[in-house]
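This report concerns only the one structure given below.
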Amino acid sequence: MQGWKAGVKANICVKGKAATCASRVLQGYAAPYSATVAQLLERQGADLVANLDMDEFGMGSYGIHSSSGDTVNPIDRRRVAGGSSSGCAAAVADGSVRVAIGTDTGGSVRLPASYCGIIGFKPTYGRFSRWGVISYASSLDTVGILSRSVDDCEKVYDVLNVRDPKDPTSLKLPNSSSVLSKSADSPLNGLSIGVPSHISPLLSQTVLERYSDALYHLESLGATIKPVSLDHMEHALGSYYTIACAEASSNLARYDGIRYGSQALSTTADENNTANAIEHARFLFGDVVQRRIMLGSFVLGSSAYSSYFAQSQKIRRLVQQSYNAVFKDSHPITPSASQQLVDFILTPASATTAPLKSTVEAGEIEDECNDDVLTVPISLAGLPAIVLPWNNVNSSAASQAAESFSGGATCKTDEDMPVGMQLVAQFGHDAKLFSVAKVMESRKFQSQ
Amino acid sequence: MTKATTSWLPVIGLEVHAQMQTPAKLFSAARSSSSKLSDSPNSNVALFDAAFPGTLPSLNHHCVRLAIKSALALNANINRKSWFDRKHYFYPDLPHGYQITQHFKPFAKGGFLDLTKFDGAPEEKRYRIQQIQIEQDSGKLMTPFPGSPEVLVDLNRAGVGVLEIVTEPDFNSADEVVAFMKKMQRLLWHTGVSSADMDEGVWRCDINISVKKVGSIENGVRTELKHVSKFSVVKTAIEFEVARQIALLESGQQVLQETMGLDENGHTKRLRGKEDAPDYRYMPEPDLPALIISEKLIDHVGKRLPESLDVRRDRLEKQYGLSMFHISVLMDEPGAVEYYEELTKNRDQAKTLNWLISNLFAMLNKHGIKLAACPIPPSEFGPLIDLVDNGSLSGIRGKDVLAILFDDAISGANLRRSARDIALQNDWLISQESKAESEKLLDTIIDGLIAKHANLVKEIQAGQIRKLKFFSGQVMAATKGKADPVLVDSLLKSRILPKE
């Protein structure tokens, strides 16, 4: 990776560089050490560009909840870049960096990748080290990769795929091999790809068309497309938000302005009045963060714990088992009954193309959470996923690859905006994703 | 003031917090400053201990082993699977805003510690343990400048591993509590779990106190007295609180569920009430996997446990014929039993004990050194005892040699002279000839005295043994104090007392 410019999200520590998490609470904070993932990239000769903008502490889907202002979509600057890894996606999409590492907790790499028309990869939970990655939701956070080609993404994957003893959640996982058939015409022969039955009602017309197109192409490359039914999906969002908010309220409890970060007031206070000092520092959090901390504190309260938090963990287990039930590969740690139907699952990574900033700000989108249905259950189950752009072949502005991106402030219609397709594999089977993704990347314009 | 009045019974439970004696902290590699109060502030703090963003805990296996030791020593059942939980509250001495502890599934459950009269308990009784859990210690806050609003935070202690041992409410008096605390503290350093230091921080207890009418099944409302560490304040505090509660109830009032501290007189005072009690929002620690303890590990650690305190006490009595008093003197001092056993090998057990307790302990005290850090090992001390025993050295000179041995060792002198060398250099060794000569001289003196005080001799022979002292005094005076009193004594006895 010699000479590669690699963007680093503002919640991943690079020694001596700012790591603000786009929050006023960490304004001016420079990390005293480097994250393992940052060190691994540097060792390969990468040139790190740190503190790329994001939604504050990883909470947000549009890239508009940053203390330093909004990130715009380079393809059409009226639109949002997606979040929370908004800066990373924009920087990769407009060519400022070759690759970027962000974090994906509920879709924060996959969603912006979809909106910006680039590759987004989320590994199996525990595959990439979280040492030096500033925690939002510990059991859901993963480091993710953004790039313009599957090859570049795989290269970064190989560099980061190292077990780290400093991270107790860093798992020793097997590495699966390519699953492609030998046939040049039907490289996906023998592979089954699942289409979850609950997805289509959620999708916009544009996305639905791209999705069908993608499935059609996969079929023409030899894959078998199968409808699959995933149970408990209607509860997945609630479970995710309960767990994520709870863990966030806990992980963000340390921001009190005493040892690092900003202090809203001077911290002089007598021993009985230290609460004031802490309180004032914490009011620097943005609205979304404050709201999630409050929700998280509530669900962990002694009267709410069993109905909310404990229940959500049980639902989480059921969601994991729903995926186990359809995948042919068994889960390496917590296997359960399976009908062994598919090798992969394919869905769009977002329900729509990147929305207009004006639409989002006007509050016309009900809440930021709808897109989450496509990405969140995968996070709950800790599964690996890759998002690659599947764009409108017919459009005149079909310069999907960001290499040929002009950099001008073009306005694009919904049909001309990129949409990412999300390919999901069973827990631990990350490597398989690359082989299929490469086939999809190279073949997508051939058949009609 | 003793325990209850005739109709009230105190019901007391304890939560013991003992710091684990490990080189590193529970979840970070920073040096665990357990009992090293002299370290400068914030000198043993890893990034994790200060909750720097992006850091994660790494479990110190040494702490797990010590937890196993304590569970085995207290006859508790080790949960083969337990896990860690976060206990949330905001305070400047708690950098993460939560403490990593074990709430839902602690390390061990059940267990007991028996107290006997040897332990200073009023009666023999078994005290049940409810559970043992592993957790982090917090940092320290200081307000060193009275009147100034400044609060200083020292994180040296933040993250040090602590064992929390919770008992059932089996105590019915302050005396029981004190005796139990002493035995527990001794047990913990005996097994190598905790240091023997009584510094606040290494060892502290929370005490839950309530009272109920004798014969009643239901327990009364209890108050919690926090962070007591000195044995000396425990008795006063408990008795005051018990009396306070009884007075309230007898006047028809309620006891409120409160958290208490101590005022300057060692009396309980309210810190906060139940309404102000925080909701800790316990959450399983997502950064740490479950703790799985194997049978193999338990066996391995078990083999390295020293004999239990009661077994040791029994053995010292039977093997060495030590008195109860001497046994407790030895067992109260870390390392004393081991030192004694080594020293007394192939030597007279009573004499060795005397040398150890009367002489070595005194010397250690004088220099302010603990036996565990004694600069003279049994291998150097032993030969000195032998010299005196075989008559080559007088008892008095023996003590002088000991002092010199000590000074040599402390001064760090490269040449460590043996006891014999020291005696030789000072010309204190008694050779066989000089021994015979001085005996002859003593015989002469004694003969003279016997002749002069024939009446006294008769009285002694008739049974007034104490009057021998007159003779020994005379002999010492005649020799200007140089004679060996032990030798003088034995000669007098053999010359004066009737033959058996």
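Proteins get letters first, then strands, A, B, ... in listed order; numbering begins at 1 in each. Heavy atoms only: backbone and side chains are in, while hydrogens, waters and symmetry mates are out.
Ranked by heavy-atom pairs shorter than 4.5 Å toward chain A, the options B/Phe90, B/Tyr98, B/Tyr280 are led by B/Phe90. With chain B as partner, the option from A/Cys13, A/Ser250, A/Gly132, A/Pro168 having the largest number of non-hydrogen pairs under 4.5 angstrom is A/Ser250. Interface check for chain B: of the options A/Ser297, A/Ser135, A/Ser303, the most heavy-atom pairs under 4.5 Å are formed by A/Ser297. Taking A/Gly301, A/Ser139, A/Ala310 one by one and counting their heavy-atom pairs under 4.5 Å with chain B, the maximum is reached by A/Gly301. Interface remark: of the candidates B/Pro284, B/Pro53, B/Gly97, B/Ala50, B/Pro53 forms the most heavy-atom pairs closer than 4.5 Å to chain A. For chain A, the option among B/Pro95, B/Pro286, B/Pro289 with the highest count of heavy-atom pairs below 4.5 Å is B/Pro95.
With a 4.5 angstrom heavy-atom cutoff, B/His96 touches chain A via backbone and side-chain atoms both. In this structure, the portions of B/Asp287 lying under 4.5 Å from any heavy atom of chain A include both its backbone and its side chain. Proximity to chain A (any heavy atom under 4.5 Å) is shown, for B/Phe27, by neither the backbone nor the side chain.
The residues B/Asp263 and B/Lys269 are annotated as not salt-bridged, no charged nitrogen and carboxylate oxygen being separated by less than 4.0 angstrom. Between A/Glu279 and A/Arg282 there is no salt bridge, since no side-chain N of the basic residue sits under 4.0 Å from a carboxylate O of the acidic one. Electrostatic pairing of A/Glu56 and A/Arg24 does not count as a salt bridge here, judged by no charged N lying under 4.0 Å from a carboxylate O. Between B/Arg222 and B/Glu224, no side-chain nitrogen of the basic residue sits less than 4.0 Å from a carboxylate oxygen of the acidic one, so the salt-bridge criterion is not met.
Under the side-chain hydrogen bond (donor to acceptor under 3.5 Å, both in side chains) criterion, A/Asn251 pairs with A/Ser138, B/Arg86, sequence neighbours left out.
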Under the side-chain hydrogen bond (donor to acceptor under 3.5 Å, both in side chains) criterion, do B/Glu241 and B/Thr223 qualify, and how do the steps go? CA-CA 9 Å; B/Glu241 177 61 17; B/Thr223 59; 2.9 Å; yes
Checking A/Gln311 against A/Thr242 for the side chain to side chain contact (heavy atoms under 4.5 Å, CB included) test, could you report, in this order, the C-alpha distance in whole Å, the side-chain angles of both residues, the deciding distance, and whether it holds? CA-CA 9 Å; A/Gln311 278 294 87; A/Thr242 304; over 6 Å; no
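Defined by atom type and a distance below 3.5 Å, a donor-acceptor pair is present between the side-chain atoms of B/Ser28 and B/Asp49. Side chain to side chain, A/Asn51 and A/Thr20 meet the donor-acceptor criterion of an N or O pair below 3.5 Å.
B/Phe104 and B/Tyr282 have perpendicular rings, their planes meeting at more than 60° on a 0 to 90° scale where under 30° would count as parallel.
Using a 4.5 Å heavy-atom cut-off against chain A, the contacting residues of residues 54-63 of chain B are B/Gly54, B/Thr55, B/Leu56, B/Pro57, B/Ser58.
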